[in-house]
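Working notes, beginning with the structure itself.
None of these values were measured; they are calculated from a predicted model.
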Amino acid sequence: MNSDQQLTPDAQAAERFRNLLEIAPDPILEVDAAGRIVLANNEAEKLFGWTRAELAGQPIEMLLPLRFRTNHTAHRAHYSANPKTRPMGTGLDLFALRKDGTECAIDINLSPVSVADGEGRVMCIIRDVSERKRTEEQIRTLNQNLERRTEELAAANQQLELRNVEVERASLLKSEFLASVSHELRTPLHAIIGFSELLAEESAGGLNTKQKRFTSHIHQGAHHLLELINDILDLSKIEAGQLELRQETFALDAAITEVLSSIRPLANNKGIELSDEIQPDLSIFADRIRFKEIIFNLFSNAVKFTREGGRIAVRCAPLPDHIRISVADTGIGIAKDAHESIFQTFRQVASTTKGVREGTGLGLAITKNLVEQHGGQIWVESELEAGSEFFFTIPRTGSGGEEQPSLMPAVVLVVEDDESSRELVVSYLESEGFKPLTAGSGDEGLRVARDSKPDVILLDLLMPGKSGWETLYKLRSTPATAGIPVIITSVMDEKKMGFALGAADYLVKPVAKETLLEAVRKVKRLGLP
């Protein structure tokens, strides 16, 4: 006969209760009507550090921190008068005291229990929630820090907006001041140049050799100063929005030839070979004078930084609505980390110029502004001691001869690996008069973007090989493609990441035809980068 069969039913029930008590995952205490502990399980010993023998007969208050003991007797009496089950997690912040004096956060389930003699007891099921409380406190602290940081960012953004307004106003005032001063300086300079020329002609009397040399220095210095003032005047007009372009259609090769004829004497002085690789029968739509200024500035820089016996070549490549023109030299080259800064105003990179300090450092800044005012882009490809090649794009003439460059994007590159999706987007674009180019991978998309300079790029994210994120990063960080607006089209809704990496817009597939076309029109119309 086994042990259960030897016990009475009541004894069997009591045994089962004790077994359940010991295998329970939470600490359990039973407290009598006087608030004394009459029962504790194994988990209670582990939590509080007291043995059952030490807990037995002790007031329940011994397990409370001192600050809670005074009021606990009243709380216990109130519960005894209205006994009912109170579940865990009622929102109370409760704490228990261990034998070693440390505290822990707890949740308690209270249940009234009746025993044989009618005495009312309370069963306490306890759960240590210290780790949960710590996590909640960390989350609360993080939220508070986030709220404070958000408020700080909002204040910083407000200050930044005010600063931007001040900077714009200061920039406008600076441009207006430079324009005014430049005009005032040109008048006396013309007098200096004119009188130095009269002195050199000796119309008012002969000059000795030393006087002729001094007169020549005055004349050359005044001319150089006039060129610098003209540069400042041009830049101030551009920045103040006062430079008007008089665009017309003219032959590209004829304009290049005119510039070469004026730059050739400078090149001959250094034994530099000039080559013209411009194909005939190409026309552009631009301000003829300003276009020649762009070419002259690029050639002047090339001559200045190319050693004796070097070579300079001007080349072109027809694109759908633009012509890409480049001036390449075998000069000292430009470090990669200076490729963007050289286009800034009053900027000359000492390690790049190798000590050549002529001019104000405005030539490339003016050139960049003039190119962009024509609706083109400019960039450089160069390495130290490996020469430089400056590229820029300029609008081609339309069939109407005097046609203005279209504000609508002419060329849209679709980078999409799924053939059916690619074909659908192409059909959308063609129906609205756009000229689509396609690429089936990220690498192919980068190559086509560099070679064709599309007006807008539609980029899918989920592609084999180079992902759309990596492709977007490459497009934004490569000077030749950094100015082309990119619209992401993807089944993933990761707009925050897309905009953070420089996307002009983000469309979640499936995309309605009109939504896609309007996004293309919008980024081109706003000129978003």
Side-chain angles (χ1 to χ4, degrees), residues 220 223-224 227-228 230-231 234-235 252-253 255-279 290-317 323-372 376-394 450-451 478-482:
Q220 290 176 3
H223 259 298
H224 183 61
E227 289 175 2
L228 300 185
N230 287 337
D231 280 351
D234 278 349
L235 184 64
L252 177 62
D253 57 348
I256 297 289
T257 300
E258 292 176 23
V259 176
L260 286 177
S261 65
S262 61
I263 207 76
R264 201 175 297 279
L266 298 175
N268 290 341
N269 289 338
K270 296 179 68 174
I272 296 173
E273 176 188 342
L274 298 181
S275 62
D276 175 0
E277 301 175 16
I278 300 295
Q279 65 188 78
R290 298 302 178 181
F291 173 77
K292 289 166 62 177
E293 184 178 350
I294 293 169
I295 296 295
F296 186 86
N297 284 344
L298 294 179
F299 265 111
S300 295
N301 264 12
V303 171
K304 188 186 301 181
F305 299 113
T306 298
R307 299 183 181 93
E308 294 186 2
R311 297 185 308 279
I312 301 174
V314 57
R315 308 178 178 118
C316 74
I323 292 179
R324 187 181 68 217
I325 303 167
S326 69
V327 175
D329 63 58
T330 59
I332 59 178
I334 303 168
K336 287 189 175 181
D337 59 2
H339 283 190
E340 293 186 11
S341 62
I342 58 172
F343 292 103
Q344 298 173 6
T345 55
F346 301 102
R347 184 66 181 266
Q348 287 186 332
V349 184
S351 61
T352 298
T353 59
K354 300 291 185 181
V356 180
R357 303 293 293 177
E358 297 180 18
T360 58
L362 292 176
L364 286 176
I366 292 172
T367 301
K368 180 176 184 292
N369 275 289
L370 290 175
V371 168
E372 291 176 347
Q377 299 171 345
I378 187 168
W379 67 97
V380 64
E381 294 180 3
S382 178
E383 293 182 11
L384 284 176
E385 304 301 331
S388 304
E389 187 165 9
F390 284 83
F391 296 83
F392 71 95
T393 57
I394 206 80
R450 283 194 300 264
D451 293 343
T478 302
T481 58

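- Atom CD of Glu258 is surrounded by more than 12 heavy atoms from other residues, nucleotides or ligands within 6.0 Å.
- In this structure, Phe299 and Ile312 have side chains that are in contact, with non-hydrogen atoms separated by less than 4.5 Å.
- Side chains of Ile325 and Phe291 form a contact here, defined as non-hydrogen atoms less than 4.5 Å apart.
- Residue Ser382 comes nearest to Ile334 through the heavy atom pair OG-N, 2.8 Å, listed as atom of the first residue, atom of the second, then distance.
- Taken to the nearest 0.5 Å, the CG atom of Asn297 stands 11.0 Å off from the CZ atom of Phe390.
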(message) Go through it in stages, so that I can follow the logic: the residues are Glu277 and Arg315, the test is salt bridge (Lys or Arg N to Asp or Glu O under 4.0 Å), and I'd like the CA-CA distance, side-chain angles, deciding distance and then a yes or no.
(response) CA-CA 5 Å; Glu277 301 175 16; Arg315 308 178 178 118; 3.1 Å; yes

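- Taking the six-membered ring where tryptophan is involved, the planes of Phe391 and Trp379 are essentially parallel, since the angle between them stays under 30° and well short of 60°.
- Rounded to the nearest 0.5 Å, atoms CD1 (Ile256) and CG (Asp253) are 8.5 Å apart.
- A 4.5 Å side-chain heavy-atom check between Thr306 and Ile332 finds every atom pair outside the cut-off.
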| So Glu385 and Arg307, salt bridge (Lys or Arg N to Asp or Glu O under 4.0 Å) or not? Walk me through it. | CA-CA 11 Å; Glu385 304 301 331; Arg307 299 183 181 93; 3.0 Å; yes

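- For the residue pair Gln377 and Ala480, the shortest heavy atom distance occurs at OE1-O, 4.2 Å.
- When all heavy atoms are compared, the tightest approach of Arg311 to Thr330 is N-OG1, 3.0 Å.
- Heavy atoms from other residues, nucleotides or ligands lying under 6.0 Å from NZ of Lys336 number 12 at most.
- Side-chain contact between Ile263 and Ser300: present, with at least one pair of heavy atoms (C-beta onward) separated by less than 4.5 Å.
- Between the side chain of Asp329 and the backbone N or O of Ser388 there is at least one donor-acceptor pair closer than 3.5 Å.
- When side chains are defined from C-beta on, Val371 does not count as touching Phe343, because their heavy atoms never get closer than 4.5 Å.
- The CD1 atom of Ile378 sits 5.0 Å away from the CG atom of Leu298 when rounded to the nearest 0.5 Å.
- Note that CD1 of Ile294 and OG1 of Thr367 are 6.5 Å apart. Values are rounded to the nearest 0.5 Å.
- We find the CG-OG1 distance between Leu252 and Thr257 to be 9.0 Å, quoted to the nearest 0.5 Å.
- Atoms CG and CG, on Leu274 and Asn268 in that order, are 7.0 Å from each other to the nearest 0.5 Å.
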